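Computed from a prediction, not measured in an experiment: that's the story for all the values here.
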Amino acid sequence: MLTRKQHELLTFINERLEGSGISPSFEEMKEALNLKSKSGIHRLITALEERGFIRRLPHRARALEVLKMPDTPASSGLEPKQAPSGSNVIEPDFGRGRGLLAGAEAEDGVVDLPVYGKIAAGTPIEALQHNDRAIGYPAGLLSGQEHYALEVEGDSMIEAGIFDGDTVVIERCDTAENGAIIVALVDDEEATLKKLRRKGQSSIALEAANPDYETRIFGPDRVKIQGRLVGLIRQY
């Protein structure tokens, strides 16, 4: 699954290559997607490369090759509801769904948690896309707070025991202690599952649990906490 921005960038690159045979520059990509900085383009390019849609050709500047196109547009069947801010990040409908509170318990002691799409344990992706699906979870393992579930995509948290394809249970909160694994919203656009490290009052570090991924540092105004990890579901 591609996010809307990933799909827009892939389409733009493909159309430019088909028209001129030359990859667009990062500045052209930034302007085409109405992004504020080239760092967002770098993240999107890396995400497309990791998902096997493009590859960078070595020893050539501005050299990208499109390996495949998605079968359907990223927004097909997944058109998100817009958050009040106008961003493309979906705010979970806490309190309005089914079984969101630990007290909303079925007779067998299992609560239904809404699954809000995928969360990246790797390159950040747009989250949380509501897909009208729920997953059962033991009510006794939850506190009285609000919870939801996300499907993990990526391998950046494998040393914390979180693998690609796992489902994580998230307690809704907007603060968390150092070392907690959180859903972090970056620049009001992308969300990722990472370990939280505060660097004084001036910056926030989002740490991976995989040496292949670098720690990313942001100003405190660029990161919002949307929840913290409280449980994990794995199917064999």
Side-chain angles (χ1 to χ4, degrees), residues 1 3 77-85 87-122 124-186 188-198 204 206-209 223-236:
M1 179 187 74
T3 69
L78 290 173
E79 189 66 28
K81 299 173 288 181
Q82 294 297 319
S85 64
S87 73
N88 52 13
V89 177
I90 309 308
E91 296 293 344
D93 293 329
F94 294 113
R96 295 197 295 272
R98 46 182 191 274
L100 300 186
L101 302 180
E105 185 176 344
E107 292 182 1
D108 58 0
V110 174
V111 65
D112 284 338
L113 299 179
V115 180
Y116 284 98
K118 293 185 177 181
I119 184 74
I125 60 175
E126 288 170 315
L128 308 155
Q129 298 188 55
H130 185 28
N131 58 11
D132 293 320
R133 189 166 71 85
I135 191 167
Y137 194 76
L141 298 181
L142 300 175
S143 67
Q145 304 303 312
E146 298 165 328
H147 298 81
Y148 58 95
L150 294 167
E151 298 172 350
V152 174
E153 182 177 81
D155 62 356
S156 73
M157 299 301 290
I158 56 176
E159 291 190 358
I162 303 170
F163 297 94
D164 184 62
D166 286 347
T167 298
V168 289
V169 178
I170 304 298
E171 177 187 338
R172 184 194 182 196
C173 62
D174 55 15
T175 61
E177 67 278 9
N178 265 347
I181 296 175
I182 63 167
V183 174
L185 178 63
V186 179
D188 286 327
E189 287 187 349
E190 298 170 310
T192 187
L193 188 71
K194 289 292 183 292
K195 185 176 291 186
L196 172 68
R197 294 290 183 194
R198 289 187 177 87
I204 290 177
L206 299 180
E207 293 183 352
V223 177
K224 296 178 182 176
I225 297 172
Q226 291 198 316
R228 67 181 184 91
L229 178 74
V230 296
L232 184 142
I233 302 169
R234 179 173 300 152
Q235 294 184 348
Y236 294 92

**Message:** The test is side chain to side chain contact (heavy atoms under 4.5 Å, CB included); show your working for Tyr148 and Val183 and say whether it passes.
**Reply:** CA-CA 11 Å; Tyr148 58 95; Val183 174; 4.1 Å; yes
How close do [X] and [Y] get, counting heavy atoms only, and between which atoms?
X: Val223; Y: Ala184; answer: CG1-CB, 4.1 Å
X: Ala160; Y: Ala209; answer: N-CB, 3.7 Å
X: Ile158; Y: Asp155; answer: CG2-O, 3.2 Å
X: Val230; Y: Tyr137; answer: O-OH, 4.3 Å

Which residues satisfy the side-chain contact (heavy atoms from CB on, under 4.5 Å) test with [X], sequence neighbours excluded?
X: Ala180; value: Ala176, Glu177, Ile182
X: Leu232; value: Ile162, Asp166, Val168, Arg234
X: Glu207; value: Lys195, Arg197, Thr215

Reported [atom1]-to-[atom2] distance for the pair [X] and [Y], which is rounded to 0.5 angstrom:
X: Ile181; Y: Met157; atom1: CD1; atom2: CE; result: 4.0 Å
X: Arg172; Y: Ile225; atom1: CZ; atom2: CD1; result: 13.5 Å
X: Leu229; Y: Leu196; atom1: CG; atom2: CG; result: 13.0 Å
X: Ile233; Y: Ile135; atom1: CD1; atom2: CD1; result: 3.5 Å
X: Leu150; Y: Thr167; atom1: CG; atom2: OG1; result: 9.0 Å

**Those residues that, when tested against Arg198, pass salt bridge (Lys or Arg N to Asp or Glu O under 4.0 Å) (two or more places apart)** =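 Testing Arg198 for salt bridge (Lys or Arg N to Asp or Glu O under 4.0 Å), a comparison that skips the adjacent residues, returns none.
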**Prompt:** So does Arg228 pair up with Glu171, basic N to acidic O under 4.0 Å?
**Reply:**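 Yes, this pair counts.
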**Asked** Is there side-chain contact between Leu142 and Leu113, with heavy atoms separated by less than 4.5 Å?
**Response**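 They are in side-chain contact.
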**Request:** Check whether any side-chain heavy atom of Ile204 lies under 4.5 Å from a side-chain heavy atom of Leu206, and answer yes or no.
**Result:**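 Side chain of Ile204 against side chain of Leu206, heavy atoms only: contact under 4.5 Å found.
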